[in-house]
Amino acid sequence: MKSAQVDLTGYFPGLIGRVVELHASYYHEHWGLDLSFEIQVATELSRFMAAFVPGRDGFWAARCDGEFAGFLAIDGSQAAQEGARLRWFIVAPEFQGRGVGNLLIREGMRFCQEAGHKKVFLWTFEGLDVARRLYEQQGFSLTLQQKVRQWGRLIREQRFEWKASP
């Protein structure tokens, strides 16, 4: 795959819908996740955007030649207690393998360090190997695995954590 010129932007009209649609279609097609997954993404992303606090929270939309290519958010609302949460990381299939995901993850972690978030965590599930490699390249470690019935199927849920160096 060739590299792409990637621009990271903030909000644009339709962004929430695009993020929800990409999650719903990708995870249904590739993993068989059901309607409950789309509802959860839509509900939680909408709540996050409504409660967004600049400097504590961050989000980035990736665009390649003006086309929506991916998304990542950092929810810092529980940073003092549990850590900031990396959420809704996704790259559209047609832009995978072009450095979009790497750029989004690096920007999110740069933001966390500048915001003073000492711990960052994320929830994912087993099988998303490319994303896992990106997380591990940024210093995330797997801290928990458990089988759960969620989104219409049995998955092995995984929690990854990153901690700032002392």
Side-chain angles (χ1 to χ4, degrees), residues 1-54 56-78 84-112 120-138 140 147-160:
M1 288 269 172
K2 67 174 190 162
S3 332
Q5 173 60 43
V6 182
D7 296 311
L8 297 183
T9 70
Y11 174 78
F12 60 85
L15 176 62
I16 294 170
R18 299 289 296 277
V19 173
V20 171
E21 178 184 20
L22 181 54
H23 274 80
S25 59
Y26 181 83
Y27 285 101
H28 176 75
E29 179 181 338
H30 296 279
W31 297 95
L33 303 189
D34 68 8
L35 174 62
S36 67
F37 178 73
E38 183 172 356
I39 291 168
Q40 183 177 339
V41 171
T43 301
E44 293 178 5
L45 179 57
S46 295
R47 285 185 188 143
F48 167 77
M49 297 298 268
F52 184 85
V53 175
R56 178 193 78 186
D57 305 317
F59 68 89
W60 300 268
R63 289 182 178 248
C64 293
D65 298 323
E67 288 186 58
F68 177 65
F71 185 81
L72 179 134
I74 299 293
D75 179 351
S77 64
Q78 298 298 310
R85 185 172 178 188
L86 188 152
R87 303 198 72 185
W88 305 296
F89 173 54
I90 193 161
V91 175
E94 62 270 28
F95 296 105
Q96 291 176 1
R98 298 184 185 186
V100 175
N102 189 37
L103 181 61
L104 283 165
I105 293 282
R106 282 195 336 254
E107 184 62 19
M109 294 311 294
R110 182 200 60 75
F111 171 83
C112 287
V120 182
F121 72 97
L122 64 95
W123 286 100
T124 187
F125 60 89
E126 186 176 63
L128 300 171
D129 298 332
V130 174
R132 180 179 180 160
R133 279 193 297 279
L134 291 174
Y135 302 142
E136 290 173 338
Q137 287 170 2
Q138 289 298 314
F140 281 86
K147 284 186 179 179
V148 296
R149 181 155 297 283
Q150 189 169 319
W151 307 314
R153 58 172 297 183
L154 184 64
I155 62 170
R156 184 181 301 273
E157 185 177 58
Q158 298 177 319
R159 179 181 165 114
F160 285 82

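FYI, the numbering just counts along the sequence from 1. Small disclaimer: the values here were computed from a predicted structure and weren't measured.
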Engineer: With rounding to the nearest 0.5 Å, note down the distance linking CZ in R56 to CD in Q78.
Structural biologist: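 That separation rounds to 8.5 Å.
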Engineer: Check L154 against R149 and note the closest heavy-atom contact, atom names and distance.
Structural biologist: N-NH1, 3.6 Å
Engineer: Is it true that E107 and R110 have a side-chain N and a carboxylate O under 4.0 angstrom from each other?
Structural biologist: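 Salt bridge between E107 and R110, a charged N being under 4.0 Å from a carboxylate O: yes.
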Engineer: Using the ring of F121 (Phe, Tyr or Trp, six-membered ring only), decide whether R159 places NZ or CZ under 6.0 Å from its centre and within 45 degrees of its axis.
Structural biologist: yes
Engineer: CG of D7 to CG of L103: how many Å apart, nearest 0.5 Å?
Structural biologist: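 Spacing of CG (D7) from CG (L103) equals 9.5 Å.
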Engineer: If every non-hydrogen atom of M49 is compared with every non-hydrogen atom of I16, which pair is closest and at what distance?
Structural biologist: CG-CD1, 3.9 Å
Engineer: Please verify the inter-ring angle class for H23 with F37; under 30° counts as parallel, over 60° as perpendicular, anything in between as tilted.
Structural biologist: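 Geometry flag for F37 against H23: tilted rings.
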Engineer: Nearest 0.5 Å please: distance from the CZ atom of F160 over to the CD atom of E136.
Structural biologist: 5.5 Å
Engineer: Out of H28, Q150, R153, which residue meets the side chain to side chain contact (heavy atoms under 4.5 Å, CB included) rule with L33?
Structural biologist: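 Exactly one pass, corresponding to R153.
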Engineer: Tell me whether R63 forms a cation-pi arrangement with F12, defined as NZ or CZ under 6.0 Å from the six-membered ring centre and within 45 degrees of its axis.
Structural biologist: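 Geometry flag: set, cation within 6.0 Å and 45°.
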Engineer: Determine the interplanar angle of the W31 and F125 rings, folded into 0 to 90°, and report it as parallel if under 30°, tilted if 30 to 60°, perpendicular if over 60°.
Structural biologist: perpendicular
Engineer: Of all heavy-atom pairs between A84 and G76, which one has the smallest distance, and what is that distance?
Structural biologist: CB-CA, 4.2 Å
Engineer: What distance separates Q158 CD from R132 CZ, expressed to the nearest 0.5 Å?
Structural biologist: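 These two atoms lie 5.5 Å from each other.
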Engineer: Walk me through whether F71 and L22 qualify under side chain to side chain contact (heavy atoms under 4.5 Å, CB included).
Structural biologist: CA-CA 10 Å; F71 185 81; L22 181 54; over 6 Å; no
Engineer: Write down the atom of F59, the atom of Y11, and the distance for their closest heavy-atom approach.
Structural biologist: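 Shortest heavy-atom contact: CE1-N, 3.4 Å.
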Engineer: Tell me the closest heavy-atom pair linking G108 and I74, and the distance in Å.
Structural biologist: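 Nearest pair, atom of G108 first, then I74: O-CG1, 3.9 Å.
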Engineer: Using 0.5 Å steps for rounding, measure from the NZ atom of K147 to the CD1 atom of I155.
Structural biologist: 12.0 Å
Engineer: Just say parallel, tilted or perpendicular for the rings of F48 and W88, cut-offs at 30° and 60°.
Structural biologist: tilted
Engineer: Passes side chain to side chain contact (heavy atoms under 4.5 Å, CB included), M109 versus V120? Steps please.
Structural biologist: CA-CA 9 Å; M109 294 311 294; V120 182; 4.1 Å; yes
Engineer: Considering the options V91, V19, V100, I105, which one meets the side chain to side chain contact (heavy atoms under 4.5 Å, CB included) requirement together with L72?
Structural biologist: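 Exactly one option meets the side chain to side chain contact (heavy atoms under 4.5 Å, CB included) with L72, and it is I105.
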Engineer: Taking atom CZ of R85 and atom CG of D57, what is their separation to the nearest 0.5 Å?
Structural biologist: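 So the CZ of R85 and the CG of D57 are separated by 13.0 Å.
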Engineer: Between Y27 and W151, does the side chain to side chain contact (heavy atoms under 4.5 Å, CB included) criterion hold? Intermediate values first, please.
Structural biologist: CA-CA 10 Å; Y27 285 101; W151 307 314; over 6 Å; no
Engineer: For V6 and F95, run side chain to side chain contact (heavy atoms under 4.5 Å, CB included): C-alpha distance rounded to whole Å, both residues' side-chain angles, the deciding distance at 0.1 Å, then the answer.
Structural biologist: CA-CA 10 Å; V6 182; F95 296 105; over 6 Å; no
Engineer: Ring-plane angle category for H30 and Y26, please: parallel below 30°, perpendicular beyond 60°, tilted otherwise.
Structural biologist: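 The rings of H30 and Y26 sit tilted, inter-plane angle from 30° to 60°.
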Engineer: How far apart are the closest heavy atoms of A61 and F68, and which atoms are they?
Structural biologist: CB-CE1, 4.3 Å
